[in-house]
Amino acid sequence: MDKFVLRNTCKRKRLHDGDDTESVNLEDATLKRSKNDQLSAGQLTWKEIRAEGLSCNYMLLYSKTDADEIFLQLEREIEYFSGDLSRIKVYGKWHNVPRKQVTYGDDGLTYKFSGITLSTKPWIPLLDSIRERVKHATGHIFNFVLINRYKDGNDHIGEHRDDERDLVPRSPIASVSFGACREFLFRHRDARCKNPKLQIEPQKLELAHGSLLMMNFPTNVYWYHSLPVRKKVLSPRINLTFRNIIPAAERINKDQP
DNA sequence: GGGCCAGCAAATTT
DNA sequence: TAAATTTGCTGGCC
């Protein structure tokens, strides 16, 4: 993939002067990455993102060269859910989810999404190698990955928290991004209503090609996240969120002690 | 003109 | 039992 194309897939826009939201500029990241192309990844430093009840860490996990190669491999090898598994009923109307998605993970794991239960596909070497890279960088091993592919800026995901019931309590979520830069938005649960009691500013991130975002406890308790529509984005983004899912058998035992 | 955002539309699940 | 949750459409603002 051409570096020039990637560098232009996302122009950062400051909405307000003095905007103090944490954000990561793809152009800076691309420059930094080109300097580091000769270096092995893992030598790059973490950036901390903190707010009330929000704890995230961000780094460039892959050099641009490696990220380009992985993006192409993902495009070749990942098979997304289709048919009933990619449709959803909202307000009595059926819709195709505005993105492509699929789950891979350890044998027997399932993941509930908006009423439908998705079973996982078995790990493939490409995904296992990314999982190992995340383990090397963070010390965390994950048993499940949800892959979302956003074909362009019209594909999106609405504001949500990740389903806590299925997740191992307090376990972090690792989000690895490839392809086009998209704005990622956090909003505090107490700042979502019409007349919020608290004025908590949203947190905006721009997740670069080859980046890793760790969402640590208790981020997922207090903050909703979304990937809004961005009409100017014309190229695809693939995002992998690694999680630790409680196996269904253990969940049943837990619910019925 | 168009990008962005807030608000609103049921039915199902927990 | 009541609250939370999904996406698309509309209208207002810039």
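First the proteins, then the strands, lettered A, B, ... as listed; each starts at 1.
- Taking 4.0 Å as the cut-off between side-chain N and carboxylate O, Arg87(A) and Asp84(A) do not count as a salt-bridged pair.
- Nucleic acid contact class of Val97(A) (heavy atoms, under 4.0 Å, all strands): none.
- Distance Glu201(A) CD to dC5(B) C1': 15 Å, rounded to the nearest Å.
- Two residues are said to be in side-chain contact when any heavy atoms from C-beta on lie closer than 4.5 Å; Ile141(A) and Glu132(A) meet this criterion.
- In terms of phosphate contacts, Tyr224(A) brings a side-chain nitrogen or oxygen within less than 4.0 Å of OP1 or OP2 of dT5(C).
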Going through the checks in order, is the salt bridge (charged side-chain N to carboxylate O under 4.0 Å, His left out) test met by Glu69(A) and Arg76(A)?
CA-CA 11 Å; Glu69(A) 178 54 36; Arg76(A) 281 196 298 268; 3.7 Å; yes

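- Protein atom CG of Asn154(A) is 14 Å distant from nucleotide atom C1' of dC9(C), rounded to whole Å.
- Residue contacts shown for Arg189(A) are absent, as no nucleic acid heavy atom lies under 4.0 Å away.
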Review item, nucleotides 12-14 of chain B N/O atoms under 3.5 Å of protein N/O:
| unit_1 | atom_1 | unit_2 | atom_2 | d |
| --- | --- | --- | --- | --- |
| dT14(B) | OP1 | Lys112(A) | NZ | 3.4 |

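- As rounded to whole Å, 6 Å separates atom P of dG3(B) from atom NZ of Lys231(A).
- A distance-only check finds no donor-acceptor pair linking the side chain of His136(A) to the backbone of Val134(A) [under 3.5 Å].
- Contact check, Arg161(A) against dT5(C): a side-chain N or O comes under 4.0 Å of OP1 or OP2.
- Taking the side chain of Lys232(A) as heavy atoms from C-beta on, and the options dC5(B), dT5(C), dG3(B), the nearest nucleotide is dG3(B).
- Regarding contacts with the backbone of dA4(C), every side-chain N or O of His160(A) stays at 4.0 angstrom or more from both OP1 and OP2.
- At a threshold of 4.0 angstrom between heavy atoms, the contacts of Arg87(A) with the nucleic acid are absent.
- Put simply, the side chain of Arg182(A) gets close to the backbone of Pro228(A): a donor and an acceptor are under 3.5 Å apart.
- Nearest to the side chain of Arg192(A), among dC4(B), dT5(C), dG8(C), sits dT5(C).
- The closest donor-acceptor contact from the side chain of Asn239(A) to the backbone of Val176(A) lies under 3.5 Å.
- Protein atom CG of Leu185(A) is 9 Å distant from nucleotide atom P of dA6(B), rounded to whole Å.
- Atom NE2 of His95(A) and atom C1' of dG8(C) are 6 Å apart (whole Å).
- For the helix from dG2(B)-dC14(C) to dT14(B)-dA2(C), the axis fitted to the five pairs at one end and the axis fitted to the five pairs at the other end meet at an angle of 30° (nearest 10 degrees).
- One can place CD of Glu159(A) at 16 Å from P of dC4(B), the figure rounded to the nearest angstrom.
- A sub-4.0 Å separation between OP1 or OP2 of dC5(B) and a side-chain N or O of Arg230(A) is present.
- Not one N or O on the side chain of Ser175(A) forms a donor-acceptor pair closer than 3.5 Å with the backbone of Leu213(A).
- Within 4.0 Å of Asn96(A), counting heavy atoms only, lie sugar-phosphate atoms of the nucleic acid but no base atom.
- Looking at Thr219(A), its side chain does come within 3.5 Å of a backbone N or O of Ser55(A) through a donor-acceptor pair.
- The salt bridge (charged side-chain N to carboxylate O under 4.0 Å, His left out) search around Glu159(A) returns Arg187(A), Arg192(A), not counting sequence neighbours.
- Per the geometry, CD1 belonging to Ile88(A) stands 16 Å off P belonging to dA11(B), to the nearest Å.
- Taking only side-chain atoms of Arg187(A), from C-beta outward, the nucleotide of dA6(B), dG3(B), dG8(C) with the closest atom is dA6(B).
- Salt-bridge check for Glu52(A) with Arg189(A): failed, with every basic side-chain N at 4.0 Å or more from each acidic carboxylate O.
- Protein atom NZ of Lys93(A) is 22 Å distant from nucleotide atom P of dT5(C), rounded to whole Å.
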